[in-house]
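To start, the structure under review is shown below, and the notes come after it.
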Amino acid sequence: MTGPLERLGRWALERLTALGRANLFLLRLLGALGFLLRRPGLLVKQLYAVGVLSLPIILVSGLFVGMVLGLQGYANLVYFGATSSLGTVVALSLVRELGPVLTALLYAGRAGSALTAEIGLMKATEQLASMQMMAVDPFARVLAPRFLAGFVAVPLLTAIFTAVGILGGYLVAVVQLGVDGGAFWAQMQARVLLWEDIGNGVIVKSVVFALLANWIALFEGYEAHPTSEGVSLATTQTVVVTSLAVLGGDFLLTALMFGVW
Amino acid sequence: MPSSALPSDVTPPCEGQLVTVRGLSFHRGERAIFREVDLDIPRGKVTAIMGPSGTGKTTLLRLLGGQIRPDAGLIEVDGLRVPELGRLELYQLRQRMGMLFQSGALFTDLNVFDNVAFPLREHTRLSENLIHTLVLMKLEAVGLRGARELMPAELSGGMARRVALARAIALDPMMVLYDEPFAGQDPISMGVLTQLIRTLNDALCLTSIIVSHDVKETAAIADYLYLLSDGQIVEHGTPAELGRSPSPWVDQFMHARPDGPMSFHYPAPAYESELLLRDAA
């Protein structure tokens with residue numbers, strides 16, 4: 001019978017081994033990206049699958065998040081007579097935090113889980129093995145296009161989410177609640193900085209989250225046990241691990257970027 | 001050109017050994033899948049490797065294709081030592097191999113035509129016109145030219161296996177590996193596949209290696225049989241020779257007898273004592 005300490009040790013060793021495998025997987029994936037220079041069509045197809053098809057959920061979510069921010073911001077700022085700052089509040093919330101984080105979480109749920117299930121099923125149905133036996137490297141032919149497409153798509157989706165969110169905030173604050181439109185845009189223009197806010201938030205954070213979300217999704221699919229239960233578990237793992245990685249990563253990045261530490 | 005006109009160091013395409021396996025050992029965890037296995041596969045013949053489920057037949061194909069490496073022993077395909085090949089050399093060798101997977105392993109996002117065209121598009125620079133012609137030729141050979149627009153989900157199990165066979169021979173390989181080609185097939189599909197494997201082998205001068213436990217169908221088309229059990233080759237010979245074998249194990253397997261040297265029961269404690277112990281508890 002194994003003691004708790006032995007089980008803990010085994011669990012820790014398994015996690016460490018998995019982390020090592022994940023790193024080797026990423027290195028091999030990066031090495032396979034050169035293949036896409038010869039086959040850009042594969043990238044375009046995946047950009048459609050993970051990027052364009054994620055647009056509806058990003059647009060709708062972004063709009064609602066922006067509208068909620070507008071409502072909540074107004075409800076609090078009105079007590080201080082500071083509703084003219086609403087544009088800044090909405091924009092900074094979206095640009096620095098909610099845009100990159102929520103886009104990554106929505107992407108993990110919509111496209112990341114789909115990537116895991118697709119790769120896991122290709123493994124379970126021996127499609128990846130048959131590709132290898134046809135002397136075609138699945139890393140180059142299957143995984144690399146999906147990885148690069150996701151890597152390109154997430155920052156773009158983040159920018160779209162943020163822009164639509166700001167529009168949602170404008171609709172609620174200016175059109176619905178009567179906040180002055182000029183103040184809404186002028187305060188935003190004055191307070192939101194190009195590199196400190198947009199560069200750090202929309203660009204750096206979303207690039208890091210894109211790497212994490214796609215790496216985790218593809219690795220989980222590739223490592224899935226080739227059974228229906230294994231694919232189901234891998235899909236769940238993708239959403240859970242990506243969410244934790246994004247939220248944990250967001251805390252670290254925020255602390256580093258905005259001068260708390 | 002007659003074979004006598006070939007230079008002495010050139011092997012005629014349908015003669016000699018294509019695959020040589022010596023002292024092959026392979027373990028999965030503590031369990032020995034193969035122990036010191038030797039076998040030879042001649043060119044241009046249909047060789048079958050048979051044995052009960054779980055004896056490592058599919059593992060043997062994966063070892064021959066270089067998908068896994070043995071713990072010890074020599075695996076030589078067309079003069080190349082497979083476990084020692086780098087990825088590039090292995091991929092070059094695999095371009096001369098075809099493999100029919102048990103599930104067919106067709107790409108579910110591609111239709112029948114694109115599945116068969118896949119290896120041609122990946123490995124050649126042929127024009128789409130020529131690829132179209134070649135794919136139609138391969139599909140005609142397996143009787144599915146008319147099904148080229150169908151998606152894999154629209155195919156029956158037998159049709160999927162035939163499309164996979166057309167894909168496996170798309171690059172005109174020297175050798176085709178068949179993993180349980182008859183499993184789960186209705187009698188008509190089984191008959192079609194049996195005939196196709198033999199006909200393609202002879203017409204294209206292929207070397208076919210079939211892994212199967214379907215005795216009747218496999219023995220009907222194989223030139224030579226190896227019987228695997230408990231990690232070792234227990235018998236080998238032509239189907240006629242094995243049919244006359246005095247070995248009780250061969251007799252049990254070839255004639256599908258439920259009991260014999262290979263027990264019907266998985267190893268377990270005595271039945272009575274287990275029931276009595278449970279009652280006592």
Side-chain angles (χ1 to χ4, degrees), chain A residues 10 14 17 24-25 27-29 31-32 34-50 53 111 114-115 117-146 149 221-222 225-228 230-231, chain B residues 58-59 61-68 77 82 85 87-110 114-125 152-153 160-161 163-171 173 175-180 209:
Chain A
R10 188 176 300 147
E14 279 170 9
T17 314
L24 291 174
F25 176 87
L27 284 179
R28 203 169 155 197
L29 202 51
F35 175 78
L36 295 173
L37 293 173
R38 286 189 284 132
R39 300 287 294 275
L42 295 172
L43 177 65
V44 173
K45 191 178 168 191
Q46 292 308 318
L47 272 172
Y48 176 77
V50 300
L53 294 184
L115 285 175
E118 187 184 15
I119 302 299
L121 279 172
M122 286 184 86
K123 185 181 178 185
T125 53
E126 296 181 306
Q127 293 179 54
L128 296 182
S130 74
M131 208 173 267
Q132 282 176 326
M133 282 305 294
M134 282 187 266
V136 175
D137 183 7
F139 271 81
R141 184 66 174 67
V142 176
L143 299 172
R146 285 162 176 77
Y222 195 72
H225 284 289
T227 59
S228 49
V231 175
Chain B
T58 301
T59 306
L61 289 189
R62 296 183 67 198
L63 284 160
L64 292 180
Q67 288 187 298
I68 47 177
V77 176
V82 177
L85 297 178
R87 192 190 305 169
L88 191 65
E89 295 161 308
L90 188 60
Y91 275 18
Q92 282 170 350
L93 177 64
R94 283 180 185 165
Q95 286 185 37
R96 297 188 288 139
M97 288 179 173
M99 182 159 177
L100 183 73
F101 282 80
Q102 195 171 343
S103 60
L106 296 176
F107 302 126
T108 45
D109 58 333
L110 302 179
D114 289 332
N115 261 286
V116 180
F118 183 86
L120 294 165
R121 288 181 176 142
E122 292 296 321
H123 293 303
T124 69
R125 293 185 178 200
R161 212 70 64 92
V163 174
L165 180 54
R167 188 178 66 178
I169 58 168
L171 287 171
M175 171 169 92
V176 180
L177 310 171
Y178 297 90
D179 186 7
E180 298 284 6
I209 303 174

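Within every chain, numbering begins at 1; the chains are lettered A, B, ... in the order of the sequence lines, protein sequences first and strands thereafter.
- Of the possible polar contacts, none joining the A/R39 side chain to the A/F35 backbone as a donor-acceptor pair under 3.5 Å is found.
- Classified by interplanar angle (parallel below 30°, tilted 30° to 60°, perpendicular above 60°), the ring pair A/F139/A/Y222 is perpendicular.
- Heavy atoms closer than 4.5 Å to chain A are found in both the backbone and the side chain of B/M97.
- Contacts of B/L177 with chain A are made by side-chain atoms alone, with heavy-atom separations under 4.5 Å and no backbone atom involved.
- Of the two parts of B/R62, neither the backbone nor the side chain holds a non-hydrogen atom closer than 4.5 Å to a non-hydrogen atom of chain A.
- Contact count versus chain B (heavy atoms, under 4.5 Å) is highest, among A/A129, A/A135, A/S130, for A/A135.
- Ranked by heavy-atom pairs under 4.5 Å with chain A, the list B/M99, B/H123, B/Q92, B/Q102 is led by B/H123.
- For a residue to count as touching a neighbouring chain, one of its non-hydrogen atoms must lie under 4.5 Å from one of that chain's; by this rule B/Q67 touches chain A with the side chain only.
- Listed for the B/R94 side chain is a donor-acceptor partner under 3.5 Å among the backbone atoms of A/Q132.
- The closest side-chain heavy-atom distance from B/Y178 to B/L165 is below 4.5 Å.
- Taking the centre and axis of the six-membered ring of B/F118, the NZ or CZ atom of A/R141 falls outside the cone set by 45° and 6.0 Å.
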